[in-house]
Amino acid sequence: MTDIQRVLLDENQLAQRVKELGGEISQDYADGDLLLLGILKGSVMFLADLARAITVPVDMDFIAVSSYGTGTSTSGQVRLLKDLEGPIEGRDLLIVEDIIDSGLTLSYLIDVLKSRQPRSIKVVVLLDKPERRKENVVPDYTGFQIPDEFVVGYGLDYAEQYRSLPYVGVLSPSVYIGNE
Ligand code: IMP
Ligand code: MG
């Protein structure tokens, strides 16, 4: 626990908010053909819990992108590492992302996916750091707005570590100092 400066969102807060988001999404997609599109790997815990809080039928698919090396801020370049398995034409796509920071990842993905002509595209993020936005992306559903601090846990990593923590915590800067 020494790598974690403080717990920002504990298990109860996460569970409560994910349930609320699931309720909202279920209402909005009552007549939809909902495809949850998880962005690997950070969204995995969130997607697993969110899917179980959604009461309408859902399909799931996954995509992997990379914009971070092992540091704590974006490299500014987004690459597609793994594409979806199936076509999305005519589907109601809900992109599920762990966190929006600069917005570069989501704005790139939305462009790529729009060209494949889904019926609709919306975005749900667990966390939003609005202070750091460079691209004008506004998520349709947001779990929590958080301050500009580097967080890990509940799927979020630093250099592939800490994803399995059950809470979201602020990483001690001593862990990454010199490696931003
Ligand atoms: P963006 O392209 O700058 O919006 O960055 C989005 C991606 O950066 C997310 O999918 C995360 O993988 C990563 N990211 C941004 N902030 C954090 C953080 O505080 N902790 C862990 N990963 C982060
Ligand atoms: Mg990510």
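Note that the numbering runs from 1 along the sequence shown for the chain.
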Legend entry - Whether over 12 other heavy atoms sit under 6.0 Å from Lys82 NZ: yes
Legend entry - For Glu97 against Thr105, the heavy-atom pair lying closest together: OE2-CG2, 4.0 Å
Inset, instruction - Without swapping roles, check the side chain of Gln13 against the backbone of Asp10 for a donor-acceptor pair under 3.5 Å. - result: yes
Legend entry - Within-4.5 Å side-chain heavy-atom neighbours: Arg132 and Ser102: no
Legend entry - Student check: side-chain heavy atoms of Val123 and Leu94 closer than 4.5 Å: no
Legend entry - Steps toward side-chain contact (heavy atoms from CB on, under 4.5 Å) verdict (Val170, Ile4): CA-CA 6 Å; Val170 176; Ile4 305 300; 5.8 Å; no
Legend entry - Tyr29 and Asp92 side chains, donor-acceptor separation under 3.5 Å: no
Inset, instruction - Output the distance between atom OH (Tyr141) and atom NZ (Lys122), rounded to the nearest 0.5 Å. - result: 3.5 Å
Inset, instruction - Please lay out, stage by stage, how Arg119 and Glu89 fare under the test salt bridge (charged side-chain N to carboxylate O under 4.0 Å, His left out). - result: CA-CA 7 Å; Arg119 180 162 69 180; Glu89 194 176 334; over 6 Å; no
Legend entry - NZ/NE/NH1/NH2 to OD/OE distance under 4.0 Å, Glu149 and Arg6: yes
Inset, instruction - Could you tell me whether the side chain of Phe46 reaches within less than 4.5 Å of the side chain of Asp98, counting heavy atoms only? - result: no
Inset, instruction - Hey, could you give me the CG/OG1 distance between Leu127 and Thr142, rounded to the nearest 0.5 Å? - result: 9.5 Å
Inset, instruction - Give, for atom CG of Leu36 and atom CZ of Phe62, the distance between the pair rounded to the nearest 0.5 Å. - result: 8.5 Å
Legend entry - Student check: side-chain heavy atoms of Val152 and Asp3 closer than 4.5 Å: no
Legend entry - Val151 and Ile146, any side-chain heavy atoms less than 4.5 Å apart: yes
Legend entry - Atom pair CZ/CG of Phe144 and Leu126 - distance to nearest 0.5 Å: 6.5 Å
Inset, instruction - Provide the closest heavy-atom pair for Leu40 versus Ala64 in the form atom of the first, atom of the second, distance. - result: CB-CB, 4.1 Å
Legend entry - 4.5 Å side-chain heavy-atom contact, Leu113 and Leu93: yes
Inset, instruction - Could you state whether Val138 and Val96 fall into the same hydrophobic cluster, counting links through intermediate Ile, Leu, Val, Met, Phe, Trp or Tyr residues with side-chain heavy atoms under 4.5 angstrom apart? - result: no
Inset, instruction - Please check if any side-chain donor atom of Asp49 sits under 3.5 Å from a side-chain acceptor atom of Tyr154, or the reverse. - result: yes
Inset, instruction - Please check if the side chain of Asp61 supplies one atom and the backbone of Glu85 the other of a donor-acceptor pair under 3.5 Å. - result: yes
Legend entry - From CG (Asp59) to CG (Leu34), nearest 0.5 Å: 8.0 Å
Legend entry - Asp83 atom CG: more than 12 heavy-atom contacts under 6.0 Å: yes
Legend entry - Where Ala53 and Lys19 come nearest, the two heavy atoms and their spacing: CB-CA, 4.0 Å
Inset, instruction - Look at the side chain of Lys129 and the backbone N and O of Gln145, then say whether any donor-acceptor pair between them is shorter than 3.5 Å. - result: no
Legend entry - Student check: side-chain heavy atoms of Val168 and Leu14 closer than 4.5 Å: yes
Inset, instruction - Answer yes or no: is there a side-chain heavy-atom contact under 4.5 Å between Asp128 and Arg133? - result: yes
Legend entry - Nearest heavy-atom neighbours spanning Ser164 and Met45: CA-CE, 4.2 Å
Legend entry - Contact summary for Gln5 and Ser172, nearest pair of heavy atoms: N-OG, 3.4 Å
Inset, instruction - Please report the closest heavy-atom contact between Thr55 and Ser26, naming both atoms and the distance. - result: N-OG, 2.9 Å
Inset, instruction - Look at atom CD of Glu160 and say whether more than 12 heavy atoms of other residues, nucleotides or ligands are closer to it than 6.0 Å. - result: yes
Inset, instruction - Could you tell me the separation between the CG atom of Leu37 and the CD1 atom of Ile121, rounded to the nearest 0.5 Å? - result: 9.0 Å
